[in-house]
There are 2 protein chains.
Amino acid sequence: MLKTKKRYDCAAGCPVEVTLDLIDGKWKGVIVYHLLSGTLRFNEIRRKLPSATQRMLTRQLRELEECGLVLRTVYAQVPPRVDYALTEEGRSLEEIVRAMHAWGERRLERLAQVQAAA
Amino acid sequence: MLKTKKRYDCAAGCPVEVTLDLIDGKWKGVIVYHLLSGTLRFNEIRRKLPSATQRMLTRQLRELEECGLVLRTVYAQVPPRVDYALTEEGRSLEEIVRAMHAWGERRLERLAQVQAAA
DNA sequence: ACCAGTAGTATCACAATGGATACTGTCGGA
DNA sequence: TCCGACAGTATCCATTGTGATACTACTGGT
């Protein structure tokens with residue numbers, strides 16, 4: 001999960017790696033998925049990913065911000081308020097993320113069937 | 001890169017994670033991408049990913065095999081010959097991997113433009 | 001006799017990632 | 001007055017991922 005990978009020297013398959021680099025890392029894919037439905041505040045995301053620690057979430061969100069996939073808006077309020085939204089580039093991942101979601105669901109179904117048979 | 005993750009407790013976004021789990025890890029996405037074009041032998045893959053070490057490749061291939069995405073066929077020959085091909089489930093990733101490839105290319109173009117402007 | 005190609009494994013070491021826990025400061029509500 | 005919500009930081013430690021290097025065993029070619 002390098003912020004910007006130094007070298008992409010793997011020739012032909014490379015662009016695949018570029019994309020994976022941005023959305024791998026434990027929670028990033030899921031965060032993007034949730035943000036597809038609209039802007040969320042920090043603790044809203046937190047509630048959607050109960051098993052992620054606070055530290056992990058901020059880290060992943062910061063990385064997404066660095067890559068230009070997520071826009072972070074801080075309101076000068078008390079109590080603090082921070083909104084997270086997808087940038088245009090982030091939203092352009094929609095097709096991929098939705099495809100991964102659908103595929104994952106099918107995979108889970110398959111696994112459940114195998115489990116049931118055994 | 002857990003072989004089979006124990007728990008998927010992240011509620012709604014979960015299937016996204018399931019999919020990412022299978023294809024993250026430095027080389028797996030790219031390996032699947034190359035295998036979309038057809039069966040490859042070990043050293044053929046190696047030549048396509050010159051910056052991956054031999055050990056890394058075998059590990060990633062083994063994990064893909066464990067997940068049921070890749071079929072590994074060993075021929076009882078000398079010199080040894082091992083073929084790697086996508087299983088049906090592996091091939092069902094085609095849409096996603098191609099989408100990632102296309103997106104990655106667009107991203108690289110964008111980055112190049114920014115670079116050129118600066 | 002020697003070398004390259006085949007598909008790996010073994011060992012060691014380091015860097016990156018992930019997670020647990022505790023802490024910040026202000027506000028509104030009970 | 002004390003507590004919880006807000007959006008984080010700081011610190012430390014364990015786990016994983018990744019990489020470098022060296023090794024196996026056999027064969028065919030020069």
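Keep in mind that what you see is a predicted model, and the values were worked out from it rather than measured.
- The CE-P distance, from B/M56 to C/dC14, rounds to 17 Å in whole Å.
- No cation-pi contact links B/R55 to B/W27, judged by a cut-off of 6.0 Å to the six-membered ring centre and 45° from its axis.
- The side chain of B/Y84 lies closest to C/dG8 when the candidates are D/dC6, D/dG8, C/dG8.
- Side-chain contact between A/C67 and B/R107 is present, with at least one heavy-atom pair separated by less than 4.5 Å.
- Of the listed nucleotides (D/dT18, C/dG18, D/dT9), D/dT18 has the atom at the smallest distance from the side chain of B/Q60.
- At the heavy-atom level, A/R55 lies under 4.0 Å from base atoms of the strands shown.
- Both key distances under 3.5 Å define a Watson-Crick or G-U pair, and stretches of 3 or more such consecutive pairs in DNA chain D run C:1-30 with D:1-30.
- DNA chain D lies under 4.0 Å from at least one heavy atom of each of the following residues of residues 73-83 of chain A: A/P80, A/R81, A/V82.
- In the set C/dG18, C/dG8, D/dT9, D/dT9 carries the atom at the smallest distance from any side-chain atom of A/R62.
- Nearest heavy atom pair, residue B/K48 against residue B/H34, reads CD-ND1, 3.5 Å.
- Rounded to a whole Å, the CG atom of A/L20 is 15 Å from the C1' atom of D/dG17.
- The residue B/R59 sits close to a base: some heavy atom pair falls under 4.0 Å.
- Here the closest non-hydrogen pair linking B/D24 and B/Q60 is O-OE1, 4.5 Å.
- Distance CG (A/L49) to C1' (C/dG18): 15 Å, rounded to an integer number of Å.
- Rounded to whole angstrom, the span from the CG atom of A/D24 across to the P atom of C/dA16 amounts to 14 Å.
- Atom pair A/R72:CZ and D/dC6:P shows a separation of 16 Å (rounding to whole Å applied).
- Of all heavy-atom pairs between B/M100 and A/T19, the closest is O-OG1, 2.8 Å.
- Here the side chain of B/T39 pairs no donor or acceptor atom with the backbone of B/D83 at under 3.5 angstrom.
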Q: Could you please spell out the steps behind the side chain to side chain contact (heavy atoms under 4.5 Å, CB included) verdict for A/K28 and A/E63?
A: CA-CA 9 Å; A/K28 288 202 252 179; A/E63 286 178 24; 3.0 Å; yes
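- A pairwise comparison of heavy atoms in A/L22 and A/L64 identifies O-CD2, 4.0 Å as the closest pair.
- Between the CG atom of B/L61 and the P atom of D/dG17 there is a distance of 16 Å, rounded to whole Å.
- Here the P atom of nucleotide D/dG17 and the CD atom of B/Q54 are 20 Å apart, to the nearest Å.
- Atoms CZ (A/R46) and C1' (C/dG19) sit 14 Å apart, rounded to a whole Å.
- Checking D/dC6, C/dA20, C/dG8 against every side-chain atom of A/T53, the shortest atom distance belongs to C/dA20.
- Between A/Y33 and A/R98, the shortest heavy-atom contact is CE1-NH1, 4.0 Å.
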